[in-house]
Amino acid sequence: MRSTFTVSAWPAAAFLLSTLFPPCAFADGLPWIAEPGTGSIDLSYVRQNASKFWAGTRKGPTPGGGQDLTQSTVWVTAGYAPHDAVAVDARLGWARSEFGDAPELDGRSDFNVGVTWRVVDELIQDWPSVALRAGVIVAGDYELGHINSIGDGGDGFEASVIVGKYFNRFGLALEYGVRSRNNDIPTNTFANLTALLSVSEPLTLGLEYKRVNSDDSLDIGGPGFSPARFPEVQEESSVLGGLVSYRVADNVNVSVFYGRTLDGRNTADSSIVGGTVSYSFRRD
């Protein structure tokens with residue numbers, strides 16, 4: 001069950017101007033860099049559940065008459081801003097996947113490490129903030145060839161451009177990028193649209209729409225498909241989710257989120273729930 005929803009490659013350090021909005025592991029792309037010398041460590045839990053899926057573009061029950069397809073993932077995300085225009089981030093997770101009476105699968109999720117460079121600062125120039133991110137993907141340690149496999153098993157890279165603007169207590173950001181991996185995994189393009197509203201000093205609400213498109217390739221159950229070729233299928237999805245985030249201390253933030261797959265191709269019709277505890281720090 002390749003994840004349709006993950007915590008951000010942007011850690012808690014990447015929140016609007018470091019003060020207006022609290023840490024947000026829900027959002028996948030924000031252009032605002034934290035103050036130099038500050039960083040964060042996030043611990044997140046995400047659970048996905050589905051009893052229906054798309055085989056190609058046809059939606060129906062999962063095999064076995066709609067048996068539950070679930071995946072639970074624990075993510076550790078860390079980030080640091082060595083410069084007022086540069087941030088580094090890393091994300092590593094461990095997941096467990098279940099499908100009906102089939103054997104349970106578990107393993108280390110794909111590792112992602114990246115660098116973000118803000119090229120335009122809206123506080124200095126009369127433009128929205130603009131950032132560029134480049135990341136490296138290292139395949140995790142898990143079994144392939146199952147409908148509930150944790151990932152696709154490919155190494156590669158991703159690159160994106162992120163544009164954002166804040167208006168008093170409201171922030172809006174759009175990320176668009178490409179993800180390329182080896183082992184015949186189709187190249188993906190992805191987009192993340194994030195809206196954040198600071199209701200009060202400790203409370204923030206968020207909304208995010210995530211879209212992943214894939215190069216033309218195999219469909220589940222289509223010509224040439226076999227379970228061993230699951231990583232090669234043309235997987236696409238649209239996910240809409242919401243976030244509630246609360247700062248419980250000066251350097252500790254707690255977030256809960258819920259998401260839902262709206263449509264897709266060769267992917268699970270998932271509901272997604274999770275939470276994050278973020279600890280931010282400053283290097284003296």
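Keep in mind that this is a model prediction, so the values were computed, not measured.
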Task: salt bridge (Lys or Arg N to Asp or Glu O under 4.0 Å) partners for Asp263, two or more places apart - done: Arg211

Task: Connected-component partners of Phe111 among ILVMFWY, side-chain separation under 4.5 Å - done: Leu92, Val113, Val136, Val138

Task: side-chain hydrogen bond (donor to acceptor under 3.5 Å, both in side chains) against Gln125, all qualifying residues, sequence neighbours excluded - done: none

Task: Side-chain heavy-atom pair Leu196, Leu172 within 4.5 angstrom cut-off - done: no

Enumerate donor-acceptor pairs with a distance under 3.5 Å from any side-chain N or O in residues 52-60 to protein atoms, sequence neighbours excluded.
residue	atom	partner	partner atom	Å
Lys59	NZ	Asp269	OD2	3.0

Open item on the list: Within the structure provided, determine whether Asp219 and Val233 are in side-chain contact (heavy-atom separation under 4.5 Å).
Closed with: no

Task: Non-hydrogen side-chain atoms of Gln71 and Arg96 separated by less than 4.5 Å - done: no

Task: Any side-chain heavy-atom pair of Glu175 and Ser160 under 4.5 Å - done: yes

Open item on the list: Please check this pair: side chain of Asp215 against backbone of Pro186, looking for a donor-acceptor N/O pair closer than 3.5 Å.
Closed with: no

Open item on the list: Does any part of the side chain of Ser109, heavy atoms only, come nearer than 4.5 Å to the side chain of Thr73, both counted from C-beta?
Closed with: yes

TODO: Quick one: do Tyr209 and Ser238 satisfy side chain to side chain donor-acceptor pair (under 3.5 Å)? Show the steps, please.
DONE: CA-CA 7 Å; Tyr209 173 77; Ser238 295; 3.0 Å; yes

Open item on the list: Strictly below 4.0 Å, N to O, side chains only: are Arg133 and Asp89 in salt-bridge contact?
Closed with: yes

TODO: Test side chain to side chain donor-acceptor pair (under 3.5 Å) on Gln234 and Ser217 and set out the steps.
DONE: CA-CA 5 Å; Gln234 182 179 345; Ser217 188; over 6 Å; no

- [ ] Compare all side-chain heavy atoms of Leu174 with those of Ile162 and state whether any distance is below 4.5 angstrom.
- [x] no

Open item on the list: Looking at Lys210, is its backbone amide N or carbonyl O close enough to the side chain of Asn192 to form a donor-acceptor pair, meaning the two atoms are under 3.5 Å apart?
Closed with: no

Task: Set of residues satisfying side-chain hydrogen bond (donor to acceptor under 3.5 Å, both in side chains) with respect to Arg47, sequence neighbours excluded - done: Ser72

- [ ] Measure the shortest side-chain to side-chain distance between Thr38 and Phe281 over non-hydrogen atoms and say whether it is less than 4.5 angstrom.
- [x] no

TODO: Measure from NZ or CZ of Arg108 to the centre of the six-membered ring of Tyr142, then state whether that distance is under 6.0 Å and the direction lies within 45° of the axis.
DONE: no

Task: Flag side-chain contact, heavy atom, 4.5 Å: Leu43 against Val76 - done: yes

- [ ] Of all the heavy-atom pairs spanning Arg247 and Glu201, show the shortest one and how long it is.
- [x] NE-O, 4.4 Å

TODO: Apply the test side chain to side chain donor-acceptor pair (under 3.5 Å) to residues Ser44 and Thr276: give CA-CA distance (whole Å), side-chain angles for both, the deciding distance (0.1 Å), then the verdict.
DONE: CA-CA 4 Å; Ser44 302; Thr276 297; 2.6 Å; yes

TODO: Check the side chains of Glu208 and Thr194 for a donor-acceptor pair under 3.5 angstrom, ignoring hydrogens and angles.
DONE: yes

Task: With Phe225 via ring pair (Phe, Tyr, Trp, His ring centres under 6.0 Å) - residues at least two apart - done: Phe230

Task: Side-chain ion pair, Arg181 and Glu158, N-O less than 4.0 Å - done: no

Task: Asn188 and Asn213: side chain donor to acceptor below 3.5 Å - done: no

Task: Residue of the set Ile272, Val74, Val273 for which side chain to side chain contact (heavy atoms under 4.5 Å, CB included) holds with Val46 - done: Ile272

- [ ] Would you tell me whether Ser278 and Asp42 have side-chain atoms, one donor and one acceptor, within less than 3.5 Å of each other?
- [x] yes

Open item on the list: I'd like to know if the side chain of Ser245 pairs up with that of Ser255 as donor and acceptor (distance under 3.5 Å, no hydrogens or angles considered).
Closed with: yes

Task: Single-linkage hydrophobic cluster Val244~Val248, side-chain heavy atoms < 4.5 angstrom - done: yes

Open item on the list: Regarding Glu235 and Ser214, do their side chains bring together a donor and an acceptor under 3.5 Å, going by distance alone?
Closed with: no

Task: Shared hydrophobic cluster for Phe99 and Leu105 (ILVMFWY, side-chain gaps under 4.5 Å) - done: no

